[in-house]
Amino acid sequence: MNAPVIESKILEHQRNYLLEQAKIRLGKSTTTEEVSQLADEIFYRYQSCIGKPLFQARKVVYGELPFLEDYYDNNKEMEKDLGILFSELNTIATYLVDYFNYSQSEKERIMTMVRSINGVVSDLQMLTEETTPNTIYLKESFTSYDQADVALTEQENRAMIHTQQGVLTLNRTGAINRSLDSRVRTVQGNGMKGTYYVTRKVQADSEYENYEYISTQITNDDEKSLIDGNVDSVYEYQMVNIPESYKKQALNYDIEWANGDEHNSLLRVKIVVQLPHAESINWIDLNPYHAAGSPGTVYVYSIRTSIDGINYEGLFQKDNFILNQELNGTPQSYRAEDLFDGSEDFANTKFTGQGVWSFPARDAKYIEFVLEQPNSYKELLGQEAFYRRKIDATSWARIRRQEVPSHIVDEKYGIHSVNSEYEIKKVLEAVMGWRYAIGIRDISIMSFEFSEASEYISKPFKVDDGIRKLLLHVNEKIPESYKEKVSESNDWIQYAVSFDDIEWHRISPQHHQPVNDTFPPKILSINDNESNIENAFALHKQNILLKEVPTQVRLKIIIRRPSNNEEENKELLYTTPLVEDFAIKILTDQKGV
């Protein structure tokens, strides 16, 4: 998309005016010489006007009476110059709107690039954690398919990458979006829905139409947008206010809509989605919308479910339903030591720009979301105002909407007669205020079924200096129901690396602890000597002998869940472990180090 180009019409308007004047004067010309002289004069006049106004002052000679023709010509040219300038201003205003739309489109394009760069920056951030020059991190966050080598896995056995949420799960064998057949039961809070009172300055033909409500074009107030499965439809909930100085100036007339301090208020909304029947669900996505200029964040205070609409329980713990998670406009970034902390709390699942919650399958008919917005942003706000005066008076008095006849309330902006004595002026007044906003593009309440086992194989990571040692960091989530046998707790997600695409070597992530006699090593060394590996057993270290130092490595992840063959284990069909991130830490074979 190319930026719009402003095309000036000044010279065109000046030329048309001079041609019109030439036609008038030609009608009075009688000889060929007069026509020729007039053509030369008009051509010279047009050239002299380039970059200047048409107006040429015809001054009064001192001591003589002014000529009426000069007076008319002066006024006519000034009027034409002003008309051309106003026309040019309208043109500029039109192009400003186009530039604004263009800039918004460019902003979205740049934000897409920023989201991609954010993943690269987080990788570089991990590199800065190490001061040793021959230590590198190779990191993957599952926000794209770029690092997955799908050619090495069969489709039915391939682990699924959820790029929007940034997680790796078992392959899905079934998916039902329960939201599409549901309805929004209630929306309650301390604000109002939609974009009402948000105002924009526009090009107008009169002084009374300089502003318009955004809600005339974009209302964003339909609760159905929350669950229609369309990310292009948006629902907004807001709290707006204006400065006290304007309220006093407006005599506090018709501004009951304005509330909330600029910095110390909290917008909160509770949304309850009702399914047609109690259904088994195990996955929820919430895709936020951030208005232009807003802070780009929204907080998920809690999510609860209920069968009867009375008794609710949290997604992960019945009594502890508070999440307090922040959804950002861009993917979250972490410090390396915070990212791989060994936490397996599903309530704190990572997300990339939106919220995702995977939880043990449960029957639910009602799903309650409580969202908060503690941050406001500057916004142009407006309201319709009414003024009354007597026909022969010069000053206007502000009146309330209730005092205005109903047919005038619905009229266009401008001055309207009430009767032979009074008239009323209707205007849209705008002032810079502030707005708290919670926007949602879509809520998906899902029932996913998963296969019993799946695998992921990465593309080869190239290490030109060669690999001497290797260890693995992982951020993973294992359902509690899998951990009844402690000896199997490390086996639901298994990791292995290959340096030659033939032989695979098991490896344990750094946060894993031995739970049986077959615990894979945490550190893999290549062609190490005995003095360096004499304590390998205590360090969970293994030496691998290769003909030459490898310059690439792949990672394989095998994900499993318990079998659901038994009827009482049927709910296991709806569960899956998650892998959110992995980072391979490598000590290279850089010479001289």
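Only this structure's heavy atoms are used, side chains among them; waters, hydrogens and symmetry mates stay out.
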- Can you tell me if Q373 uses its side chain to pair, donor with acceptor, with the backbone of T297 under 3.5 Å? yes
- Look at the side chain of D308 and the backbone N and O of I310, then say whether any donor-acceptor pair between them is shorter than 3.5 Å.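 Yes; judged by distance alone, with no hydrogens or angles, the pair exists.
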- Message: Does I218 have more than 12 heavy atoms from other residues, nucleotides or ligands lying within 6.0 Å of its CD1?
- Response: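 No, the 6.0 Å shell around CD1 holds no more than 12 heavy atoms from other groups.
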- Query: Should the pair K426 and Y413 be classed as cation-pi, given the thresholds of under 6.0 Å to the six-membered ring centre and 45° from the axis?
  - Reply: yes
- Task: Measure from NZ or CZ of R268 to the centre of the six-membered ring of Y301, then state whether that distance is under 6.0 Å and the direction lies within 45° of the axis.
- Result: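 Yes - R268 lies over the ring of Y301, closer than 6.0 Å to its centre and within 45° of its axis.
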- When you look at K378 and E262, which way does the salt bridge (Lys or Arg N to Asp or Glu O under 4.0 Å) test go after all the steps? CA-CA 9 Å; K378 293 289 186 180; E262 184 174 5; 3.0 Å; yes
So, do [X] and [Y] sit near enough that their side-chain heavy atoms are less than 4.5 Å apart?
| X | Y | value |
| --- | --- | --- |
| I424 | R389 | no |
| Y235 | K193 | yes |
| D363 | I307 | yes |
| I242 | W257 | yes |
| I271 | V370 | no |
| N287 | V231 | yes |
| N241 | W434 | yes |
| K270 | F369 | no |

- Message: Is there a salt bridge (Lys or Arg N to Asp or Glu O under 4.0 Å) between K412 and E209? Walk through the geometry before answering.
- Response: CA-CA 9 Å; K412 295 181 178 180; E209 298 174 314; 5.8 Å; no
Are [X] and [Y] ion-paired here, with the side-chain N under 4.0 Å from a carboxylate O?
| X | Y | answer |
| --- | --- | --- |
| K365 | E279 | no |
| R398 | E429 | yes |
| E223 | R185 | no |

- Task: Walk me through it: do E403 and R400 pass the test salt bridge (Lys or Arg N to Asp or Glu O under 4.0 Å)?
- Result: CA-CA 5 Å; E403 302 176 54; R400 296 185 182 277; 5.2 Å; no
- Item | E384 vs R401, salt bridge (Lys or Arg N to Asp or Glu O under 4.0 Å): CA-CA, chis, key distance, verdict | CA-CA 9 Å; E384 292 179 348; R401 178 186 292 265; 3.2 Å; yes
